[in-house]
Engineer: 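Before anything else, here's the structure in question.
Being a predicted model, the structure only gives us computed values, none of them experimental. Sequence lines set the chain letters: A, B, ... in the order given, protein chains first and strands last, and positions in each chain run from 1.
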Amino acid sequence: MLDIKLIREQADLVKQRLASRGAGDELRIDEVLRLDEQRRKLLGEVEELKALRNRVSKEIGILMGRKETAAAEAKKGETRDIGERIAALDRQVAEVESAREAILLRLPNLPHSSVALGKTAEENPVMRTWGDKASFGFKPKDHVQICNQLKLVDFERGAKLSGSGFLLYTGWGARLERALIQLLLDLHVREHGYTEVSPPFIINRDCMVGVGQFPKFEDQAYAVQEGKDTSTLGKLYLLPTAEAPVANIHREEMLNDTQLPIRYVAYSPCFRAEAGAAGLGTRGMIRVHQFDKVELIKIVRPEEGFDELEKMVANAEKVLQILGLHYRVIMLCTGDMGFASAKTYDIEVWAPGQGTYLEVSSCSNCEEFQSRRMNLKFKTQSGDKIHPHLLNGSGTALARLFVALLETHQQEDGSIRIPAPLQPYLHTDRIVP
RNA sequence: GGAGAGAUGGCUGAGUGGUCGAAAGCGACGGUUUGCUAAACCGUUAUACGAGUUAAAUCGUAUCGGGGGUUCGAAUCCCCCUCUCUCCGCCA
């Protein structure tokens, strides 16, 4: 959520930076300002009436104490109708306030000044690449062929269980997936200093609003119901990313400066309805409704936010480096950035069988956009209470990593060479037909 | 799922209709005293929104788990919900 004070005081700046996203959000600013002004005007009126009521009530109390009942009754008559006027004004305030809130919750974050201007993904600058595209002395297969031949994933039966876009990992495939999760968690915990957490996979609405997933992208989530009746529960949702629960761990809290920076790493499955992407548009494991991911979350002082973002990207890159996978890091331009982010780097891994780069990580600094939504603050050394920066990054998504790994390390004989760091987890150096 | 108990400021905990934003204690912070430390003593110690100011000061409103109601007035009475604890049932 954007700071309403910033919108009030620097409306032109806010409009200009929203406009750089190219989604037309700047057109809502004047409406916000109008509602905000209306709200303050109504607040002034109703608070004045409440002050009057409080004053008279207090006098009545004193009169009652002195047993001057008649005088007290007279005063009651005086204030009786004030209550109705207050109630009416309160309703108006609530209306205006929720209209204002509805827009504010749907306005995306302002892109950071260091972000490249652009409209589409074509304009995302490449920051760096690592390694080289794998070359083969034979015709490389794509991951679907490999999975079928080595019986790593049973696509048909996955669809039988849950529908298209759900995967059934089998045999070495299931073991490989588990080994990767373990490797990634250990890497970030032991070498990068993150604290491992394991969140619930079913989360409430507040988590979704807190990270900016809701209300704008409500149709992307799977809502769950308990049995027949959810009337008293409110809706719960399958997490689209571990970011949603983990970033919310300290929601509504006042942290101490000494607690920062906080770094969490979590494994979770991720559930994406992908509404509007009928049939998902891709075959195999590239785009599915459920995939595993190891997620990185940081809560940091604002002045450290962008340094910590660079470190987070480096942490995610390390995953690909130790697995010997060629990748590139791109910066998302203003037009391609996600809703909550002020600055985002994507890491794209090379998948030889696809002949394309696949996004396996997206690392963002959301600045205080999310911490304001979730009322998360910390007390600085000088005693100020301010919102910390919240960062999230994939470290990394698994399904596509799985694809790149198979396609990169496939051998002419149909086997898969397992990179050394993964071998202790999988207890083999090769997956053979 | 059933029965009961509870939710108050950073923490413990008092408060069953009227100067209660809230006693007391602890903690924290500032000060005095002190050879040093400790102790003692004095003081300060919530958040949000709005008005105000260059900035403060200051003023107003709201907040005692959340929402609604009764009343001139609610931490206190009524209703609904959530969560925590204890016991029973069920269960991995």
Engineer: Pick out which of Lys298(A), His389(A), Lys343(A) makes a side chain to side chain donor-acceptor pair (under 3.5 Å) with Asn365(A).
Structural biologist: His389(A)
Engineer: Between CG of Leu49(A) and CD of Glu47(A), what distance do you get to the nearest 0.5 Å?
Structural biologist: 10.5 Å
Engineer: List the steps and the verdict of salt bridge (charged side-chain N to carboxylate O under 4.0 Å, His left out) for Lys379(A) and Asp257(A).
Structural biologist: CA-CA 6 Å; Lys379(A) 196 187 261 184; Asp257(A) 180 75; over 6 Å; no
Engineer: Over all strands shown, is Lys379(A) touching base, sugar-phosphate only, or nothing at heavy-atom distances under 4.0 angstrom?
Structural biologist: nothing
Engineer: Given atom CG of Leu49(A) and atom P of C72(B), what is their separation to the nearest angstrom?
Structural biologist: 16 Å
Engineer: Say we look at U32(B) and G25(B): how far apart would their P atoms be, to the nearest angstrom?
Structural biologist: 23 Å
Engineer: Specify the separation, in whole Å, of atom CD of Glu84(A) and atom P of U71(B).
Structural biologist: 10 Å
Engineer: Which whole number of Å gives the distance between the C1' atom of G1(B) and that of G73(B)?
Structural biologist: 42 Å
Engineer: Given the P atoms of A55(B) and U63(B), what is the spacing between them in whole Å?
Structural biologist: 29 Å
Engineer: Is there a residue in residues 88-101 of chain A whose heavy atoms reach under 4.0 Å of RNA chain B, and which residues are they?
Structural biologist: none
Engineer: So, taking the atom named OG1 in Thr396(A) and the one named CD in Glu359(A), what distance separates them when rounded to the nearest 0.5 Å?
Structural biologist: 11.0 Å
Engineer: Are Leu376(A) and Glu252(A) packed together at the side-chain level, in the sense that at least one heavy-atom pair is separated by less than 4.5 angstrom?
Structural biologist: no
Engineer: Report yes if at least one side-chain N or O of Arg372(A) is closer than 4.0 Å to OP1 or OP2 of A48(B); otherwise report no.
Structural biologist: no
Engineer: What's the CD-C1' distance between Glu45(A) and C49(B), to the nearest Å?
Structural biologist: 16 Å
Engineer: So, is Arg40(A) close to the C49(B) phosphate, meaning a side-chain N or O under 4.0 Å from OP1 or OP2?
Structural biologist: no
Engineer: Please report the C-alpha distance between Arg263(A) and Glu308(A) in whole Å, then the side-chain angles of each, then the deciding distance to 0.1 Å, and finally whether the salt bridge (charged side-chain N to carboxylate O under 4.0 Å, His left out) criterion is met.
Structural biologist: CA-CA 10 Å; Arg263(A) 301 184 179 92; Glu308(A) 290 289 338; 3.3 Å; yes
Engineer: When the C1' atoms of A74(B) and A62(B) are considered, how many whole Å apart are they?
Structural biologist: 14 Å
Engineer: Got a salt bridge between Asp206(A) and Arg251(A), using NZ or NE/NH1/NH2 to carboxylate O under 4.0 Å?
Structural biologist: yes
Engineer: Please measure how far the P atom in A3(B) lies from the corresponding atom in C79(B), and state the result in whole Å.
Structural biologist: 16 Å
Engineer: Output every pair passing side-chain hydrogen bond (donor to acceptor under 3.5 Å, both in side chains) with a member in residues 56-65 of chain A, not counting sequence neighbours, ordered by first then second residue.
Structural biologist: Glu59(A)-Lys75(A)
Engineer: Closer than 4.0 angstrom, basic N to acidic O: yes or no for Asp25(A) and Arg21(A)?
Structural biologist: no
Engineer: Expressed as a whole number of angstroms, how long is the span from Met254(A):CE to A48(B):P?
Structural biologist: 7 Å
Engineer: For the C1' atoms, the ones on U45(B) and on G2(B), what distance do you get once it is rounded to whole angstrom?
Structural biologist: 46 Å
Engineer: Within this structure, what is the CG-to-P distance between Leu104(A) and C49(B), rounded to whole angstrom?
Structural biologist: 13 Å
Engineer: Could you verify whether a donor N or O on one side chain and an acceptor N or O on the other, from Glu407(A) and His143(A), lie under 3.5 Å apart?
Structural biologist: yes
Engineer: Decide yes or no on salt bridge (charged side-chain N to carboxylate O under 4.0 Å, His left out) for Asp30(A) and Lys15(A), but give the supporting numbers first.
Structural biologist: CA-CA 9 Å; Asp30(A) 286 334; Lys15(A) 282 184 197 174; 3.0 Å; yes
Engineer: Produce a footprint string for nucleotides 7-19 of chain B: one letter per nucleotide, 5' end first; B if the base is under 4.0 Å from any protein heavy atom, S if only the sugar-phosphate is, - if neither.
Structural biologist: -----------B-
Engineer: Using whole Å, what does the distance between atom P of nucleotide A48(B) and atom CZ of Arg39(A) come to?
Structural biologist: 14 Å
Engineer: Rounded to whole angstroms, how far apart are CD1 on Ile82(A) and P on U71(B)?
Structural biologist: 16 Å
Engineer: Could you go through nucleotides 53-62 of chain B and list every protein N or O atom that sits under 3.5 Å from one of its N or O atoms, giving the distance for each pair?
Structural biologist:
from, atom 1, to, atom 2, distance (Å)
G60(B), N2, Glu47(A), OE1, 3.0
G60(B), N2, Glu47(A), OE2, 3.4
U61(B), OP1, Asn54(A), ND2, 3.2
A62(B), OP2, Asn54(A), ND2, 3.2

Engineer: Using atom C1' of each nucleotide, how far apart are G67(B) and A56(B) to the nearest Å?
Structural biologist: 38 Å
Engineer: Does the distance from a Lys or Arg side-chain N to an Asp or Glu carboxylate O, for Asp36(A) and Arg8(A), drop under 4.0 Å?
Structural biologist: yes
Engineer: Indicate yes or no for a side-chain donor-acceptor contact from Arg373(A) to the backbone of Val209(A) under 3.5 Å, with no hydrogens or angles considered.
Structural biologist: yes
Engineer: Just checking, any donor-acceptor pair under 3.5 angstrom between side chains of Thr241(A) and Lys293(A)?
Structural biologist: yes
Engineer: With a cut-off of less than 4.0 Å, is there a side-chain N or O of Lys41(A) near OP1 or OP2 of G50(B)?
Structural biologist: no
Engineer: To the nearest angstrom, how far is Glu73(A) atom CD from U71(B) atom C1'?
Structural biologist: 12 Å
Engineer: Are Glu37(A) and Lys41(A) within salt-bridge range, i.e. N to O under 4.0 Å?
Structural biologist: no
Engineer: Quick test of your reading of the model: are Lys50(A) and Asp90(A) salt-bridged, counting only N-O distances below 4.0 Å?
Structural biologist: yes
Engineer: Go through the steps to decide whether Lys76(A) and Glu73(A) satisfy the test salt bridge (charged side-chain N to carboxylate O under 4.0 Å, His left out), and finish with yes or no.
Structural biologist: CA-CA 5 Å; Lys76(A) 283 188 194 178; Glu73(A) 286 302 324; 3.3 Å; yes
Engineer: Once pairs are restricted to Watson-Crick or G-U wobble with both distances under 3.5 Å, how does RNA chain B read as a dot-bracket string, [ ] for crossings and | for other-strand pairs?
Structural biologist: ((((((((.[[[..)..(.....]]]((((((.......))))))((((((......)))))).[[[[[..)....]]]]])))))))....
Engineer: Salt bridge check, Arg100(A) against Glu97(A): does any charged N sit closer than 4.0 Å to a carboxylate O?
Structural biologist: no
Engineer: For the C1' atoms, the ones on G9(B) and on G21(B), what distance do you get once it is rounded to whole angstrom?
Structural biologist: 9 Å
Engineer: Scan nucleotides 68-70 of chain B against the protein and return all N/O pairs shorter than 3.5 Å with their distances rounded to 0.1 Å.
Structural biologist:
none

